[in-house]
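Just so you know, these numbers come straight off a predicted model, no measurement behind them. Side-chain atoms are counted along with the backbone in the values below, which use heavy atoms only and exclude waters and symmetry mates. Naming: A, B, ... by sequence-line order, numbering from 1 per chain.
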Number of protein chains: 2
Amino acid sequence: MSRSQKPESKENTFFFNARIDGIEYDILDDLIGYAVRRAQISIYEDFTASLADEGITPQRFSSLVIIENNPGISQTRLSEVMGIARSGVVAIIDKFEDAGLVERQASSDRRSYNLRLTKEGQKQVRRYKKAVQEHDNRIAAVLNASEKEQLRTLLSKICMRSP
Amino acid sequence: MSRSQKPESKENTFFFNARIDGIEYDILDDLIGYAVRRAQISIYEDFTASLADEGITPQRFSSLVIIENNPGISQTRLSEVMGIARSGVVAIIDKFEDAGLVERQASSDRRSYNLRLTKEGQKQVRRYKKAVQEHDNRIAAVLNASEKEQLRTLLSKICMRSP
DNA sequence: TATTGTTATACTCTATAACTATA
DNA sequence: TATAGTTATAGAGTATAACAATA
């Protein structure tokens with residue numbers, strides 16, 4: 001029957017709705033973990049909507065900022081900071097190198113590289129930072145300065161628990 | 001040279017360290033989005049460490065709780081609640097069905113199914129809930145009751161902003 | 001015509017394990 | 001022996017697009 005050649009409309013362009021009317025969430029409404037997860041999804045969506053055109057993701061943005069502020073950092077060290085495997089960093093840096101944002105400089109330890117932003121990289125990071133700051137202001141616009149500070153403090157407490 | 005037949009030690013069993021000594025995080029320390037992301041990674045790790053042996057993930061746990069508390073929900077509706085594509089729900093429910101936790105019941109609308117937990121599913125969800133509650137108490141143990149309430153409130157504000 | 005579940009496919013992210021060149 | 005970067009590979013998770021059955 002339906003031999004429609006036109007693509008169906010995208011079905012997943014809806015935004016994540018953290019609490020849908022008529023749905024019972026039970027324990028999920030009480031869990032700190034789910035509250036953080038909900039917020040994370042919501043924030044990620046706004047980040048993507050703001051910066052996907054630039055080809056930048058939270059992960060890549062973080063990498064660039066870490067390299068910018070810790071020039072000469074090695075790939076292994078970066079993998080530790082980002083919390084991902086070394087093999088993952090290779091792919092990330094390859095792309096940055098292709099885009100002319102990062103360079104692998106020779107190190108005194110000839111097994112490793114010193115990572116640095118190129119001139120172009122520095123320029124782009126300034127742009128990205130501005131866009132990310134605007135995004136962050138937007139998602140946190142419902143909070144006043146004191147509430148933002150509270151939120152950061154409460155979240156950092158959770159991160160600093162003993163593993 | 002190295003023809004070692006033994007596997008190298010796993011390199012990524014370290015826990016994510018939200019703030020590594022000697023690393024300059026710059027703007028990342030100020031962004032609400034990054035604070036949430038850090039907490040999310042940290043919480044996800046504890047969840048996984050606690051429940052991976054059960055084969056349960058935050059995503060799957062949420063699905064089961066939603067089905068438990070909204071019996072007869074359709075797959076499309078569940079995809080909306082979870083914020084994922086319908087095709088993703090198919091795979092999730094397939095696995096639950098294989099494990100005997102969820103059943104697809106015939107619906108009056110013969111295009112769709114009514115999802116329900118099986119007896120076994122109900123039993124397992126009770127176990128999972130207990131484990132997840134313990135995990136949540138653990139990750140939020142650094143907060144008192146009032147701080148937990150504050151955190152939930154602040155995070156829900158972020159989710160409820162206009163998209 | 002539109003919707004539900006399904007399938008096929010592809011893409012991203014990630015981890016594991018092995019390799020190489022150095023140390 | 002150990003470490004840094006690399007490669008190959010595999011497994012999640014996800015989205016897109018199409019299809020059959022049904023509305």
Student: Looking only at atom types and distance, does a side-chain atom of A/S42 sit under 3.5 Å from a main-chain N or O of A/R38, one as donor and one as acceptor?
Tutor: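 No.
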Student: Counting only heavy atoms and a strict 4.0 angstrom limit, can you tell me which residues of residues 47-56 of chain A come near DNA chain D?
Tutor: none
Student: Rounded to the nearest angstrom, tell me the gap between atom CD in A/E45 and atom C1' in D/dA15.
Tutor: 13 Å
Student: Of all the choices, C/dA15, C/dT6, D/dA15, which nucleotide is nearest to the side chain of B/V90 once you look at every atom?
Tutor: C/dT6
Student: Could you state the atom-to-atom distance from CZ of B/R86 to P of D/dA20 in whole Å?
Tutor: 15 Å
Student: Just wondering, more than 12 heavy atoms not from B/Y44 lying within 6.0 Å of its OH?
Tutor: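 No, not enclosed.
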Student: Is there a donor in the side chain of B/S112 and an acceptor in the side chain of B/R77, or the other way round, less than 3.5 Å apart?
Tutor: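 Note: B/S112 and B/R77 side chains miss the donor-acceptor criterion.
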Student: With the side chain counted from C-beta on, respond yes when A/I67 and A/I93 share a heavy-atom pair under 4.5 Å apart, and no when they do not.
Tutor: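 A side-chain contact under 4.5 Å exists here.
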Student: Does a side-chain N or O of B/Q75 approach OP1 or OP2 of C/dT6 to a distance below 4.0 Å, or not?
Tutor: yes
Student: Separation of A/L78 atom CG from D/dT3 atom P, in whole Å?
Tutor: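 About 19 Å, once rounded to whole Å.
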Student: Over how many whole Å does the gap from A/F16 atom CZ to D/dT14 atom P extend?
Tutor: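 Distance, rounded to whole Å: 11 Å.
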Student: Pull out every residue in residues 102-111 of chain A that has a heavy atom closer than 4.0 Å to any atom of DNA chain D, ordered by number, or say none.
Tutor: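 Correct list: A/R104, A/R111.
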Student: Should B/S112 be listed as having a side-chain N or O under 4.0 Å from OP1 or OP2 of D/dT22?
Tutor: no
Student: Of B/Y113 and A/S87, whose closest DNA chain C nucleotide lies nearer the 5' terminus?
Tutor: B/Y113
Student: Ignoring backbone atoms, establish whether B/T76 has a side-chain N or O less than 4.0 Å from OP1 or OP2 of C/dG5.
Tutor: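 Yes, within the criterion.
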Student: Is A/D30 salt-bridged to B/R152, cutoff N-O under 4.0 Å?
Tutor: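 Salt bridge absent between A/D30 and B/R152.
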Student: Side chains of B/E45 and B/Q40, heavy atoms from C-beta outward: is any pair under 4.5 Å?
Tutor: no
Student: Does some side-chain heavy atom of B/R116 sit less than 4.5 Å from a side-chain heavy atom of B/R104?
Tutor: no
Student: Using a 4.0 Å cut-off on heavy atoms, which residues in residues 58-73 of chain B reach DNA chain D? List them by number, or say none.
Tutor: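 Nucleic-acid contacts, sorted: B/Q59, B/R60.
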Student: Quick one: A/D94 CG to C/dC13 P, roughly how many Å, whole number?
Tutor: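 So the two atoms are 14 Å apart, to the nearest Å.
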Student: Do B/R37 and A/P58 make a side-chain contact, defined as non-hydrogen atoms from C-beta onward lying under 4.5 Å apart?
Tutor: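 They are in side-chain contact.
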Student: Any side-chain heavy atom of A/L64 sitting closer than 4.5 Å to one from A/F96?
Tutor: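 SC-SC contact between A/L64 and A/F96 confirmed.
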Student: Side chains of A/Q124 and A/R127: any donor to acceptor distance under 3.5 Å?
Tutor: yes
Student: Go nucleotide by nucleotide along DNA chain C from the 5' end; which of B/E80 and A/K95 gets its closest nucleotide reached first?
Tutor: B/E80
Student: Mind calculating the distance between CG (B/L115) and P (C/dG5) to the nearest angstrom?
Tutor: 7 Å
Student: Separation of B/I41 atom CD1 from C/dT14 atom C1', in whole Å?
Tutor: 12 Å
Student: Name the orientation class of the two ring planes belonging to A/Y25 and A/Y34 (parallel below 30°, tilted from 30 to 60°, perpendicular beyond 60°).
Tutor: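 Plane angle between 30° and 60°, so tilted.
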Student: Does some side-chain heavy atom of A/L78 sit less than 4.5 Å from a side-chain heavy atom of A/M82?
Tutor: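 With C-beta onward as the side chain, the pair touches.
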Student: What is the distance from CD1 of A/I92 to P of C/dC13, rounded to the nearest Å?
Tutor: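 Rounded to the whole Å, the gap is 8 Å.
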